[in-house]
Trainee: 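Let me give you the structure first, and then I'll get to my questions.
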Amino acid sequence: MNLLRKSLFPFSILYDVVTRVRNAAFDKQWLRQSQFDVPTIVIGNLITGGSGKTPMIAYLLHHFSDHFSLAVLSRGYKRKSSGFVLAKTASSIESLGDEPFMLFQKFPNVQFAVCKNRPHGIQGLLQKSPQLDAIFLDDGFQHRKLKSSFQILLTPYDRPWFRDCVLPAGNLRESARGKKRADLVVVTKCPESLSKKELEDYTNQLALDNHQKPFFTRIQYD
């Protein structure tokens, strides 16, 4: 941690308190959560920056989109549109954002939409395609207004939560305690070869609950 970030540590304590109180309010159902009959599967992370969410969504769609009616809901980072936007033939990077647009071109049999408000976005997708079997939510781990069916938490191998702290001194969007909400954890961007001992040591440092199964993955480029 550099000197500037060390000086911001008091603000990290304040940020940590705020996010813990918010999460506790949702956990105790003091704040309302929306839940849907269609399975909603979140792919998210604890850190800021890239953790491999888009390749993970592409991997899931590659394996399941031929067998199920699927949709992907994203915020549409850096898009120039606003509100709920459903991907169509005439859609562009400007209306969807670069990553949703790329996936939309790659998987034409999948419904894609962007919306900052996730429950509103799900409602829009279901109005268009009520027969959907499942909806994947890109980067929705901190969107607690949605009570999702299943949560996949990603962490990059070289930037794990156990070596970091919350913003602004660190890169975590919330305390590492947030990992407890995950149903499974995927360590992304791993080296090509990891020994059994390295895997065991890393898994121990993740400090997962008994029901949380870790997976170690790497990205191979064509």
Side-chain angles (χ1 to χ4, degrees), residues 15 19 22-23 26 33-36 38-62 64-65 70-87 91 93-107 110-125 132 134-157 159-161 164 166-167 170-189 215 217 219:
Y15 182 87
T19 53
R22 177 179 181 269
N23 281 325
F26 280 111
Q33 289 181 297
S34 298
Q35 191 171 11
F36 296 86
V38 63
T40 50
I41 302 164
V42 166
I43 297 92
N45 56 13
L46 294 179
I47 68 164
T48 59
S51 59
K53 291 188 300 296
T54 298
M56 178 57 62
I57 291 174
Y59 175 84
L60 294 170
L61 294 179
H62 174 74
F64 296 113
S65 61
L70 301 177
V72 176
L73 178 63
S74 174
R75 179 178 180 174
Y77 183 62
K78 290 187 176 181
R79 64 184 172 119
K80 295 182 180 179
S81 59
S82 61
F84 174 80
V85 177
L86 186 69
S91 295
I93 291 177
E94 287 74 18
S95 62
L96 299 178
D98 54 357
E99 291 176 348
F101 182 73
M102 178 192 70
L103 290 172
F104 171 58
Q105 290 186 309
K106 187 175 179 66
F107 299 97
V110 176
Q111 292 279 353
F112 286 88
V114 292
C115 188
K116 184 177 180 180
N117 184 312
R118 302 310 166 87
H120 180 70
I122 292 172
Q123 289 172 351
L125 279 167
L132 287 173
I135 298 174
F136 291 111
L137 289 104
D138 178 12
D139 196 19
F141 199 74
Q142 283 76 36
H143 291 269
R144 300 297 309 276
K145 290 183 178 180
L146 171 69
K147 188 174 183 179
S148 59
S149 309
F150 196 82
Q151 302 206 73
I152 302 173
L153 180 61
L154 310 185
T155 184
Y157 180 84
R159 292 195 299 148
W161 59 62
D164 212 338
V166 299
L167 294 163
N171 298 297
L172 298 184
R173 301 176 178 183
E174 59 175 302
S175 164
R177 288 171 56 89
K179 69 188 177 189
K180 291 183 175 294
R181 300 197 305 276
D183 293 286
L184 63 85
V185 172
V186 179
V187 182
T188 61
K189 305 180 181 181
F215 292 85
T217 69
I219 297 174

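Predicted model, so just to flag it, every value in this text is computed and none were measured.
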Trainee: State whether the side chain of D164 and the backbone N or O of G170 hold a donor-acceptor pair below 3.5 Å, judged by distance alone.
Mentor: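 Not at all, since once roles are kept as given, no pair shorter than 3.5 Å links the two residues.
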Trainee: Report the distance from atom NZ of K106 to atom OG1 of T54, rounding to the nearest 0.5 Å.
Mentor: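 Going from the NZ atom of K106 to the OG1 atom of T54 covers 12.0 Å.
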Trainee: To the nearest 0.5 Å, what is the distance between CD1 (I57) and OG (S74)?
Mentor: 7.0 Å
Trainee: Do you know which two heavy atoms are closest between V85 and S95, and how far apart they sit?
Mentor: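 The pair with the smallest heavy-atom distance is CG1-O, 4.1 Å.
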Trainee: Check the pair I47, R159 against side chain to side chain contact (heavy atoms under 4.5 Å, CB included), reporting the backbone distance first and the verdict last.
Mentor: CA-CA 8 Å; I47 68 164; R159 292 195 299 148; 3.2 Å; yes
Trainee: For R181 versus F141, what's the shortest heavy-atom pair and its separation?
Mentor: NH2-O, 2.9 Å
Trainee: Starting at CG of L96, measure out to CE of M102 and round the result to the nearest 0.5 Å.
Mentor: 12.0 Å
Trainee: Report yes if some heavy atom in the side chain of L60 is under 4.5 Å from a heavy atom in the side chain of I43; otherwise report no.
Mentor: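 The answer is yes; the side chains approach within 4.5 Å.
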Trainee: More than 12 heavy atoms of other residues, nucleotides or ligands under 6.0 Å from CZ of R177: is that the case?
Mentor: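 No, the 6.0 Å shell around CZ holds no more than 12 heavy atoms from other groups.
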Trainee: Is there a side-chain contact between F136 and L61 in this structure, where contact means two heavy atoms from C-beta onward sitting under 4.5 Å apart?
Mentor: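 Yes - at least one pair of side-chain heavy atoms lies under 4.5 Å apart.
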Trainee: If we only count heavy atoms from C-beta on, is the F84 to H120 side-chain gap below 4.5 Å?
Mentor: yes
Trainee: Give the minimum heavy-atom separation between L103 and A58, together with the two atoms involved.
Mentor: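 For L103 and A58, the tightest heavy-atom pair comes out as CD2-CB, 3.9 Å.
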Trainee: Distance from L153 atom CG to N45 atom CG, nearest 0.5 Å?
Mentor: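 Going from CG on L153 over to CG on N45, the span is 7.0 Å.
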Trainee: Nearest 0.5 angstrom please: L146 CG to Q35 CD, how far?
Mentor: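 Those atoms lie 8.5 Å apart.
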Trainee: Quick one, W161 with V185, criterion side chain to side chain contact (heavy atoms under 4.5 Å, CB included). Give me CA distance, side-chain angles, the key distance, then yes/no.
Mentor: CA-CA 12 Å; W161 59 62; V185 172; 3.9 Å; yes
Trainee: Between M56 and V186, is any pair of side-chain heavy atoms under 4.5 Å apart?
Mentor: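 Heavy-atom side-chain distance check passes, below 4.5 Å.
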Trainee: Output every pair passing salt bridge (Lys or Arg N to Asp or Glu O under 4.0 Å) with a member in residues 142-157, not counting sequence neighbours, ordered by first then second residue.
Mentor: D27-R144
Trainee: For atom OH of Y59, is the number of surrounding heavy atoms from other residues, nucleotides or ligands below 6.0 Å larger than 12?
Mentor: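 At most 12 heavy atoms, drawn from other residues, nucleotides or ligands, come within 6.0 Å of this atom.
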Trainee: Between T217 and V187 (side chain of the first, backbone of the second, donor and acceptor by atom type, cut-off under 3.5 Å), is there such a pair?
Mentor: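 Answer holds: yes.
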Trainee: Do E174 and V166 make a side-chain contact, defined as non-hydrogen atoms from C-beta onward lying under 4.5 Å apart?
Mentor: no
Trainee: Does F64, at its CZ atom, have more than 12 non-hydrogen atoms belonging to other residues, nucleotides or ligands within less than 6.0 Å?
Mentor: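 Not buried by this count: 12 neighbours or fewer within 6.0 Å.
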Trainee: Any donor-acceptor pair under 3.5 Å linking the side chain of T40 with the backbone of S149?
Mentor: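 Yes; judged by distance alone, with no hydrogens or angles, the pair exists.
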Trainee: Indicate the atoms forming the closest heavy-atom contact of L86 with L125, along with that distance.
Mentor: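 For L86 and L125, the tightest heavy-atom pair comes out as CD1-CD2, 3.8 Å.
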Trainee: Please lay out, stage by stage, how Q123 and F36 fare under the test side chain to side chain contact (heavy atoms under 4.5 Å, CB included).
Mentor: CA-CA 9 Å; Q123 289 172 351; F36 296 86; 3.7 Å; yes
Trainee: Between R173, R118, R75, which is the residue that forms a salt bridge (charged side-chain N to carboxylate O under 4.0 Å, His left out) with D139?
Mentor: R173
Trainee: How long is the span from the CD1 atom in I41 to the CD1 atom in I135, to the nearest 0.5 Å?
Mentor: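 Going from CD1 on I41 over to CD1 on I135, the span is 9.5 Å.
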Trainee: Can you give me the closest heavy-atom contact between V110 and A71, atom names plus distance?
Mentor: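 Looks like CG1-CA, 4.0 Å.
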Trainee: Under the side chain to side chain contact (heavy atoms under 4.5 Å, CB included) rule, what do L46 and Q142 come out as? Steps first, then yes or no, please.
Mentor: CA-CA 8 Å; L46 294 179; Q142 283 76 36; 3.9 Å; yes
Trainee: Between the side chain of Q151 and the main-chain N/O of K179, is any donor-acceptor distance below 3.5 Å?
Mentor: no
Trainee: Hey, is CZ on F150 packed in by over 12 heavy atoms from elsewhere, all under 6.0 Å?
Mentor: yes
Trainee: Does the T188 side chain pair with the main chain of S51, one donor and one acceptor, at a distance under 3.5 Å?
Mentor: yes
Trainee: Grab the two heavy atoms, one from F26 and one from Q33, that are nearest each other, plus how far apart they are.
Mentor: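 Residues F26 and Q33, closest heavy atoms: CD2-CG, 3.6 Å.
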